[in-house]
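To start, the structure under review is shown below, and the notes come after it.
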Amino acid sequence: MPELPEVETIRRQLRGKIVGKKLDGKKIVGVRRRAKILIIDFSDGSSLIFHLKLTGQLIFDGEPSRHTRHVFKFSDGSQLVFNDVRKFGWWKYVKSSKDIEKTFGPEALEIDLKGFKDILEKRPNAKIKPLLMDQKFIAGIGNIYSDEILFAAKVQPLRRVKTLTPEEIKVIWLNIGKILKLAIKNRGTSENTYLDAMGKKGDYLKYLKVYRKEGQKCPRCGGMVKRIKIGGRSAHFCLKCQR
DNA sequence: CAATCGTCCTGCGGGC
DNA sequence: TGCCCGCAGGACGATT
């Protein structure tokens with residue numbers, strides 16, 4: 001499912017392909033990302049925005065299939081194919097993307113340690129995993145990367161914010177940057193249906209340590225990886241080395 | 001008021 | 001082999 005690294009991968013690939021082209025007569029001047037939203041900007045200030053949700057794909061010059069929801073055709077004959085098996089994703093044209101952009105918290109890759117500490121202080125009773133996935137709190141992290149970030153930080157997903165030590169907070173913050181950047185470098189995680197804008201799978205799957213590894217041995221300590229439900233969503237963590 | 005639950009949707013895998 | 005059931009999940013609205 002497309003989280004920050006996957007959408008960022010698509011953004012970088014698309015930028016090189018479509019900036020300068022025209023869509024319905026409007027000139028494309030940029031391709032941006034905010035949280036998990038992809039934004040195509042036009043010269044008149046309007047934008048086309050996309051949320052890929054769980055199974056959305058945006059493939060440049062892709063071949064339409066039975067899961068294709070829309071094909072955007074550029075004036076030079078190239079096209080952008082929007083596929084979505086589960087139909088949770090959406091796209092819309094807006095006069096301005098400002099309103100939607102301000103509904104999100106700070107970008108996960110832009111917040112500094114002090115800023116991270118400051119926002120954590122506002123939610124002392126929250127469980128850390130759902131909080132990392134709350135887009136109004138911090139933008140871009142979903143189920144896969146929240147599990148992986150907390151594993152790297154050796155922190156259990158159920159830990160309450162107020163019980164975290166300053167050192168643990170720092171290590172969580174460090175790993176938000178480290179893991180998201182490494183995932184971008186690998187063009188994301190193709191755990192299920194995700195494909196990048198070139199129609200290729202991402203390579204981060206091989207780096208996953210706990211996500212969907214229930215019952216397997218922890219690669220760090222040999223302990224058991226467990227899956228639990230937190231607020232109806234699955235969370236994976238090592239029983240032994242995550243505290 | 002924050003946390004949880006139901007909802008949207010389809011493909012897949014487990015169980016029999 | 002085939003069918004049924006349950007599960008997966010982002011985000012929003014409703015509910016507790």
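Each chain gets a letter, A, B and so on, in the order the sequences are listed, and its residues count up from 1.
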> Would you say C:dA8 has OP1 or OP2 under 4.0 Å from some side-chain N or O of A:K53?
Replying inline: no

>> Rounded to whole Å, please give me the gap between CD1 in A:I144 and P in C:dA8.
In response: 14 Å

> Which listed nucleotide (C:dG10, C:dC12, C:dG9) is nearest to the side chain of A:R86?
Replying inline: C:dG9

>> From CZ of A:F50 over to C1' of C:dA11, roughly how many Å is that when rounded to an integer?
In response: 19 Å

Any protein N or O atoms within reach of nucleotides 14-16 of chain C? Criterion: under 3.5 Å, listing atom names and distances.
none

>> Categorize A:T55 for me: base, sugar-phosphate, or nothing, with a 4.0 angstrom heavy-atom threshold over every strand shown.
In response: nothing

> Nearest-Å distance, CE (A:M1) to P (C:dA8)?
Replying inline: 11 Å

>> I'd like to check the side chain to side chain donor-acceptor pair (under 3.5 Å) partners of A:Q57; sequence neighbours left out, ordered by chain and number.
In response: A:N83

> Could A:R220 and A:F151 be counted as a cation-pi pair, given that NZ or CZ must be under 6.0 Å from the ring centre and within 45° of the axis?
Replying inline: yes

>> How many whole angstroms separate atom OH of A:Y211 from atom C1' of C:dC7?
In response: 11 Å

> Counting only heavy atoms not in A:K21, do more than 12 sit closer than 6.0 Å to its NZ atom?
Replying inline: yes

> Atom NE2 of A:H51 to atom C1' of C:dA11: distance rounded to whole Å?
Replying inline: 7 Å

>> Rounded to whole Å, how long is the line connecting atom NZ of A:K92 with atom C1' of C:dA11?
In response: 12 Å

> Are OP1 or OP2 of C:dC7 and a side-chain N or O of A:K229 less than 4.0 angstrom apart?
Replying inline: no

> Between A:E168 and A:R159, does a salt bridge (Lys or Arg N to Asp or Glu O under 4.0 Å) hold up when you go through it step by step?
Replying inline: CA-CA 11 Å; A:E168 284 173 326; A:R159 282 280 296 282; 2.6 Å; yes

>> With ring-ring contact (aromatic ring centres under 6.0 Å, His included) as the criterion, how do A:H70 and A:F82 come out once you've worked through the C-alpha distance, each side chain's angles and the decisive distance to 0.1 Å?
In response: CA-CA 5 Å; A:H70 198 80; A:F82 178 46; 8.3 Å; no

>> Can you work out whether A:G231 or A:K87 has the more 5'-proximal nearest nucleotide on DNA chain B?
In response: A:G231

>> Does A:F42 form a side chain to side chain contact (heavy atoms under 4.5 Å, CB included) with A:V29? I'd like the steps, not just the answer.
In response: CA-CA 5 Å; A:F42 299 105; A:V29 294; 5.7 Å; no

>> Measure CZ/A:F104 against P/C:dC12 and give the value in whole Å, please.
In response: 7 Å

> Charged N to carboxylate O under 4.0 angstrom, A:R11 versus A:E8?
Replying inline: yes

> To the nearest angstrom, how far is A:L38 atom CG from C:dG10 atom C1'?
Replying inline: 16 Å

> Going by ring centres under 5.5 Å and near-parallel planes (under 30°), is A:F88 stacked on C:dA11?
Replying inline: no

>> Are there over 12 heavy-atom neighbours, none belonging to A:D24, within less than 6.0 Å of that residue's CG?
In response: no

>> At a heavy-atom distance below 4.0 Å, which nucleotide of DNA chain B is the first touched by chain A, and which is the last?
In response: B:dA3 to B:dG11

>> Is it the case that the base of C:dA8 and the side chain of A:R233 share a donor-acceptor contact (distance under 3.5 Å, atom types as modelled)?
In response: no

> With respect to the phosphate group of C:dG10, does any side-chain polar atom (N or O) of A:Q135 fall under 4.0 Å of OP1 or OP2?
Replying inline: no

> Among A:W90, A:Y93, A:F72, which one satisfies ring pair (Phe, Tyr, Trp, His ring centres under 6.0 Å) with A:F50?
Replying inline: A:F72

> Under 6.0 Å from the NZ atom of A:K53, do we count more than 12 heavy atoms belonging to anything else shown?
Replying inline: yes

